[in-house]
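In what follows, chains carry the letters A, B, and so on, assigned in the order in which the sequence lines appear, proteins first and then strands, with residues in each chain numbered from 1. Predicted, not measured: the structure shown is a model, and the values here were computed from it. Scope of the values below: all heavy atoms of this structure, side chains included, with no hydrogens, waters or symmetry mates.
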2 protein chains.
Amino acid sequence: MEFGAKGFEAASTRAIAEGADAYQPQINYHFESKDALWVAAVDHLFELLMEAIGEVPRAEGYADAEHFGAAAAGTLRRFVRFAAAHPELNQIMVHEATDDSARLHLIVERHVRPLYQAITALWKELLQAGLAAPIDPSMAHYVIVGAASLPFVNAPEARLLTGVEPTDRAWVERHADGIIAALLPGYRGSDQPRPAATNTTSA
Amino acid sequence: MEFGAKGFEAASTRAIAEGADAYQPQINYHFESKDALWVAAVDHLFELLMEAIGEVPRAEGYADAEHFGAAAAGTLRRFVRFAAAHPELNQIMVHEATDDSARLHLIVERHVRPLYQAITALWKELLQAGLAAPIDPSMAHYVIVGAASLPFVNAPEARLLTGVEPTDRAWVERHADGIIAALLPGYRGSDQPRPAATNTTSA
DNA sequence: GTCTATAATTAGATAGAC
DNA sequence: GTCTATCTAATTATAGAC
């Protein structure tokens, strides 16, 4: 999607229309403005995200640290899979979050804050349960999102650099394995096979 | 810097000139074009980065895994400090790496590839030494950069969301501690105090 | 609703006085 | 080198025929 690949300003409504096999003025007919189209796209992508990750687990819902860790690992894995399938969402986030704009405020207050609060609360409980790496709960959200999504956000660069297609199913799953192992070192479930040093096609 | 905060297209030469207390046509006088200004800015930022992180360590330079791990941890810590001090570089990277453009090719071939190759080689040795988390070497670069830099790349969002100033010295160091603990679980040096679950000012 | 034509604004770049 | 004025091209949005 143009907004993700180029950012709001660089994404021309002409290019967006062409990508949808439509004419540029149709955007202003079906939406109020380029801004309104952007809001609709963001709303839609966050709906898909919430649907994909489901409820964020809380410690009280699980009998022991092992089961709690498995639930948290599942959430992380679903987030990695979503980031691979819909890179546009995290691309839009990094395009918008580098500057204090009206669009940033909208996206933060409408969509990110509830998610941020859920992740922060989860992380505090994971730390107490001895499952999580010692990362400040107030910023764990950024470490998780950054590590999990950058290979997909920057997929055009990754393809150039690495010779790997980051969205290949097997690579996505191994990436999720690595994220879970690094961020939840206290969890050693069947979810996370802890592979030995892997070989890959790279220089 | 405008290129980092807004991206190439959204950064107007008028705004850039105003930020430098100059007039817009002076950009075309002192540089050839907006493109040339961008290249000069990117070249300068990567020079600063290379200077800041120094040589990337190799296993053969160290007597044992403990010292090799300490060297790698130092490199990670210097990268985190640089990302906090100069968010523009990683902001420019995420703005450009979401689309396959001439600017992306320039930045990759001129600056990123040598760094990527050094990080990939380092990571393979860290895995062999049992120091690193089980992350695919071909993509370790993205996990490191994503986790280490997103709080600074998205600092405007982080300030809104968290009530934390991510560039505060103490927080930068704790962030580096967390990154090192998560990515180098086999290393337990004095570099990394492994603090107990930390308390912070957040909701 | 679709499509053409175009209005209104803004961008990067240039000319030329000083 | 600095600064004003302006050119050309591209943008979003709108008007109106069909």
Side-chain angles (χ1 to χ4, degrees), chain A residues 1-46 88-89 91-108 110-111 156, chain B residues 1-46 87-89 91-111 156:
Chain A
M1 203 256 283
E2 292 284 312
F3 285 136
K6 315 217 180 227
F8 179 83
E9 320 261 357
S12 82
T13 56
R14 276 175 176 78
I16 294 169
E18 192 171 350
D21 259 313
Y23 292 82
Q24 183 256 338
Q26 289 183 281
I27 287 175
N28 291 80
Y29 179 79
H30 291 284
F31 300 86
E32 183 185 329
S33 64
K34 184 183 179 182
D35 262 277
L37 172 64
W38 180 88
V39 171
V42 166
D43 285 351
H44 176 63
L45 284 168
F46 269 97
E88 313 91 53
L89 188 144
Q91 286 174 334
I92 289 173
M93 285 308 303
V94 291
H95 278 300
E96 298 298 335
T98 53
D99 195 34
D100 196 338
S101 69
R103 285 195 304 279
L104 176 61
H105 281 253
L106 181 144
I107 209 170
V108 163
R110 189 181 291 192
H111 297 295
Chain B
M1 203 255 282
E2 292 284 312
F3 285 136
K6 315 218 180 226
F8 180 83
E9 320 261 358
S12 82
T13 56
R14 280 174 174 79
I16 294 169
E18 191 170 349
D21 259 312
Y23 291 82
Q24 182 256 338
Q26 288 182 282
I27 287 175
N28 291 80
Y29 179 79
H30 291 283
F31 300 86
E32 184 186 328
S33 63
K34 184 185 180 181
D35 263 278
L37 172 64
W38 180 88
V39 171
V42 166
D43 285 351
H44 175 64
L45 285 168
F46 269 98
E88 313 91 53
L89 187 144
Q91 286 174 335
I92 289 173
M93 286 307 304
V94 291
H95 278 300
E96 299 297 335
T98 53
D99 195 34
D100 197 337
S101 70
R103 285 195 304 278
L104 176 61
H105 280 253
L106 182 144
I107 211 169
V108 163
E109 298 309 333
R110 189 182 290 192
H111 297 295

Sub-3.5 Å pairs of nitrogen or oxygen atoms, protein against nucleotides 16-18 of chain C:
none

Work out which heavy atom in [X] is nearest to a heavy atom in [Y]; give both atom names and the distance.
{"X": "B:P156", "Y": "A:D100", "value": "CB-N, 4.1 Å"}
{"X": "B:E2", "Y": "B:A15", "value": "OE1-CB, 3.7 Å"}
{"X": "B:E96", "Y": "B:S101", "value": "OE1-OG, 4.1 Å"}
{"X": "B:H95", "Y": "A:V94", "value": "CE1-O, 4.2 Å"}
{"X": "A:L89", "Y": "A:F46", "value": "CD1-N, 3.7 Å"}

(Q) Please determine whether the number of non-hydrogen atoms from other residues, nucleotides or ligands lying under 6.0 Å from atom NE2 of A:H105 exceeds 12. (A) yes
Spacing of [X] atom [atom1] relative to [N] atom [atom2], expressed in whole Å:
{"X": "A:K6", "N": "D:dT11", "atom1": "NZ", "atom2": "P", "value": "11 Å"}
{"X": "B:Q26", "N": "C:dT14", "atom1": "CD", "atom2": "P", "value": "16 Å"}
{"X": "B:L37", "N": "C:dA13", "atom1": "CG", "atom2": "C1'", "value": "14 Å"}

Q: Look at the aromatic rings of A:F8 and A:F3 and report parallel, tilted or perpendicular, splitting at 30° and 60°.
A: parallel
(Q) Can you pull out the residues from residues 11-25 of chain B that lie within a 4.0 Å heavy-atom distance of DNA chain C? (A) B:A11, B:S12, B:T13, B:R14, B:Q24, B:P25
Q) When rounded to the nearest 0.5 angstrom, what distance separates CE in B:M1 from CD1 in B:I92? A) 3.5 Å
Q) What is the distance from atom CZ of B:F31 to atom OG1 of B:T13, rounded to the nearest 0.5 Å? A) 12.5 Å
(Q) Run B:H111 and B:D43 through side chain to side chain contact (heavy atoms under 4.5 Å, CB included) and show every step you take. (A) CA-CA 8 Å; B:H111 297 295; B:D43 285 351; 2.7 Å; yes
Q) Restricting to pairs with a member in residues 6-30 of chain B, which pass salt bridge (Lys or Arg N to Asp or Glu O under 4.0 Å), not counting sequence neighbours? A) A:D99-B:K6, B:E9-B:R103
Q.
Once salt bridge (Lys or Arg N to Asp or Glu O under 4.0 Å) is applied, what residue pairs with a partner in residues 29-42 of chain A remain, sequence neighbours excluded?
A. none
**Q.** Members of residues 91-99 of chain B that approach DNA chain D, where some heavy atom sits under 4.0 Å away
**A.** none
(Q) With the threshold set at under 4.0 Å for non-hydrogen atoms, list the residues of residues 28-36 of chain A touching DNA chain D in residue-number order. (A) A:N28, A:S33, A:K34
Q. Going through the distances and angles, do A:V42 and A:R110 end up as a side chain to side chain contact (heavy atoms under 4.5 Å, CB included)?
A. CA-CA 10 Å; A:V42 166; A:R110 189 181 291 192; over 6 Å; no
